[in-house]
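Just below is one structure, and these are the notes that go with it.
For the numbers below, each heavy atom of this structure counts, side chains included, while hydrogens, waters and symmetry mates do not. It should be emphasised that the depicted structure is a prediction, and the values quoted were computed from it without experimental measurement. The chain is numbered in sequence order, starting from 1.
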Amino acid sequence: MSNPAPSFRLTYSTMFDPPAGMHERFEAALARVRPSLGRDYPMFVDGKARRAPSGFEVRSPIDTGLTVGRFQSGSAADADAAVSAARRACASWSRTPWPERVALLRRAAALIEERVYEISAAMAIEVGKNRMESLGEVQETAELVAWYCDQMEAGDGFRRELPNDPLSGFVSRNRTQLRPYGVWAVIAPFNFPFALAGGPIGAALVAGNTVVFKVASDTSLSGWLLLEAFRDAGLPDGVLNFVTGAGGAVGEALVGHPDVAGATFTGSYEVGIGILRRFAQGRWPRPCIAEMGGKNAAIVTRHADLERAVTGIWRSAFGLQGQKCSACSRVLVERPVAQALRERLVSATAAIAVGDPTERRNWMGPVINRGARDRYLRCVERLRSVGHIDAGGRALEDGALARGWFVAPTVGSAPRDDALWRDEHFVPLVLLSEVDSLDEAIDEANRSDYGLTAGFYGGRDEIGTFLDRIEAGVTYVNRPQGATTGAWPGYQPFGGWKASGTTGKAIGSFWYLPLYLREQSQTIVD
């Protein structure tokens with residue numbers, strides 16, 4: 001991205017006070033994007049547009065009367081055609097010297113960065129993200145692709161010469177080489193349709209795999225715009241293929257296809273663990289990189305800076321309307337400061353501006369669709385029956401809000417053995433519970449099956465205990481920018497433990513790219 005000010009670099013940590021030029025460029029891009037909405041879009045297989053007999057419309061969650069675009073209702077046959085194209089292309093792509101693959105992927109990252117404002121404007125309309133979250137995600141995608149190129153270069157293609165065998169009369173040369181698997185499926189979610197697609201696609205491609213990419217139907221335009229950036233970088237036909245349609249048809253066909261060698265999936269635990277089990281039970285096991293959600297806790301002790309804690313909690317609980325796998329949905333606070341924390345959090349929550357997130361004044365937009373709003377309302381109804389609500393707890397239907405899926409950010413309390421406390425709901429709801437000690441808070445945080453992110457606010461001498469005992473892959477300490485959210489490639493690797501992930505390795509880390517490669521030991525005797 002061409003930065004509005006030379007000293008400003010956009011990340012999720014710096015996005016809260018951007019220069020005015022960034023807003024001006026976003027608004028100009030928004031004016032260019034709006035007239036282009038509502039077009040028809042194909043799938044993209046073997047370098048060509050591909051259409052299906054029927055299609056579906058994507059409507060904006062901000063205003064359901066606004067058609068974002070019309071897309072293809074792909075089928076198992078379309079998925080098969082995409083996998084076949086990727087398989088044909090794999091022979092030459094996998095043998096393309098890795099520096100050439102890196103050069104192409106760097107070009108794709110540069111194109112994403114060049115288009116950051118237009119893509120972000122479209123994403124804000126389609127997903128319901130505010131402008132800074134949208135800009136952050138698109139820029140993060142470029143950074144992720146570039147990061148994996150960096151790692152390929154740092155590993156020198158992941159080929160290492162080893163000592164020769166000590167054989168008399170022969171020269172036995174040994175080396176180890178990481179090599180691609182083949183066709184890789186990337187199945188991306190609606191909440192981060194760019195970063196959680198573009199990052200895995202970039203990693204898979206730079207490693208030498210070919211890809212079939214499916215995005216969530218609600219965010220098909222974001223998927224198409226990502227496909228365009230990779231396509232326009234000059235990838236050979238069949239190296240990257242794009243399919244749209246229902247998960248039960250296209251997604252199921254992809255994960256069940258015998259020629260898919262590996263998959264990256266981001267979404268629910270139920271779907272992710274199902275893919276993992278299928279991949280483990282075939283003719284041979286296949287790699288499945290699955291990120292499967294979280295029930296993320298923030299711990300606040302009596303020694304915490306409460307102002308900093310409240311800021312971090314509301315940002316993480318209500319950013320993208322709570323529809324992040326890293327969202328803060330549980331707060332465990334020591335009793336001496338519990339009432340003060342609750343009062344401050346309720347006040348901060350009431351001050352959140354909810355509305356059309358493309359407008360600068362609004363920080364929180366709508367949830368993604370009717371199903372998400374209905375799930376929110378069920379959670380609120382349950383909360384009223386088993387606990388209590390301190391703030392929010394209603395759908396927002398005044399004026400223009402009635403045209404979209406807007407709900408109020410909600411703060412409350414519920415018993416720790418209730419499903420509200422235990423299950424991931426993906427709505428803007430954060431629950432508070434009082435504890436007597438840091439040890440009790442950590443024990444309670446760790447009771448969750450998930451282990452994605454965790455936050456801590458407390459004294460310096462308590463930090464070591466928290467980091468040593470908490471069961472989470474991403475941790476934040478005394479961080480006002482977000483209690484449990486806001487990872488950036490090269491700064492905060494992002495990956496979960498326990499039910500939150502399948503590999504123990506993190507997106508944007510030094511150890512992620514090799515997940516897309518398998519090792520071959522090579523001994524050659526002269």
Side-chain angles (χ1 to χ4, degrees), residues 11-17 294-319 322 324-352 363 390-391 409-414 416 421 428-448 450-488 491-492 494 496-497 500:
T11 73
Y12 288 129
S13 291
T14 64
M15 62 187 285
F16 300 103
D17 188 25
K295 190 67 175 174
N296 311 292
I299 294 171
V300 183
T301 77
R302 67 194 73 196
H303 306 294
D305 178 332
L306 294 188
E307 195 63 35
R308 187 182 292 194
V310 166
T311 301
I313 290 166
W314 73 256
R315 284 174 170 170
S316 287
F318 305 128
K324 297 181 182 180
C325 52
S326 57
C328 179
S329 58
R330 299 183 293 155
V331 176
L332 295 151
V333 54
E334 284 197 288
R335 294 187 195 280
V337 296
Q339 186 59 29
L341 181 80
R342 187 183 300 273
E343 291 174 358
R344 292 186 185 204
L345 182 57
V346 167
S347 177
T349 301
I352 293 173
W363 187 80
D390 296 300
T410 300
V411 179
S413 296
R416 293 185 201 164
W421 185 265
L429 168 63
V430 62
L431 302 176
L432 275 64
S433 183
E434 298 181 12
V435 295
D436 291 316
S437 67
L438 173 59
D439 285 339
E440 181 188 351
I442 294 173
D443 288 343
E444 180 59 37
N446 288 344
R447 282 183 61 198
S448 174
Y450 294 106
L452 184 53
T453 69
F456 173 78
Y457 299 91
R460 185 172 296 275
D461 61 347
E462 298 173 310
I463 295 172
T465 299
F466 167 74
L467 294 175
D468 183 58
R469 292 193 52 213
I470 198 69
E471 295 172 358
V474 189
T475 59
Y476 302 96
V477 173
N478 292 328
R479 185 171 184 260
Q481 292 82 8
T484 61
T485 55
W488 196 261
Y491 291 84
Q492 294 95 12
F494 185 83
W497 295 4
S500 292

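Every residue two or more places apart in sequence or in another chain was checked for a side-chain hydrogen bond (donor to acceptor under 3.5 Å, both in side chains) with K295, and none qualifies.
For the residue pair A441 and L332, the shortest heavy atom distance occurs at O-CD1, 3.4 Å. When all heavy atoms are compared, the tightest approach of P480 to N478 is CD-O, 3.4 Å. Among all heavy-atom pairs drawn from F494 and C325, the shortest one is CZ-SG, 3.9 Å. Minimum interatomic distance between I470 and A454 (heavy atoms only, all atoms of both residues): CG1-CB, 3.8 Å. Closest of all the heavy-atom pairs between T484 and C328 is OG1-N, 3.2 Å. Taking all atoms of both residues into account, the shortest heavy-atom contact from T349 to F318 is OG1-CE1, 3.4 Å.
Of the options R335, R469, R416, a salt bridge (charged side-chain N to carboxylate O under 4.0 Å, His left out) to E440 is made by R416 and by none of the others. Screening L429, D390, L431, V331 for a side-chain contact (heavy atoms from CB on, under 4.5 Å) involving V411 leaves a single residue, D390.
Inter-residue side-chain proximity for W314 and L345 is flagged as met; some heavy-atom pair is nearer than 4.5 Å. Side-chain contact between W421 and R447 is absent, with no heavy-atom pair separated by less than 4.5 Å. For the pair T465 and D439, the minimum side-chain heavy-atom distance is below 4.5 Å.
From E307, atom CD reaches atom CG of L341 across 10.0 Å, with rounding to the nearest 0.5 Å. K324 NZ to S329 OG: the interatomic distance, rounded to the nearest 0.5 Å, is 13.5 Å. Atom CG of residue D443 and atom CG of residue L438 lie 9.5 Å apart, to the nearest 0.5 angstrom. A distance of 8.5 Å separates CD in Q481 from CZ in R308, rounded to the nearest 0.5 Å. The CD atom of E434 lies 6.5 Å from the CZ atom of R342; values are rounded to the nearest 0.5 Å. Expressed to the nearest 0.5 Å, how far CG of D468 lies from CD1 of I442 amounts to 8.5 Å.
Ring-plane geometry between F456 and F466 is classed as parallel, the angle between the planes falling under 30 degrees on a 0 to 90 degree scale with a further cut at 60.
One N or O on the side chain of R479 and one on the backbone of G486 form a donor-acceptor pair closer than 3.5 Å. Within the 3.5 Å criterion, the main-chain N or O of T453 finds a donor-acceptor partner in the side chain of N296. No donor-acceptor distance shorter than 3.5 angstrom exists from the side chain of E471 to the backbone of G451, with no hydrogens or angles considered.
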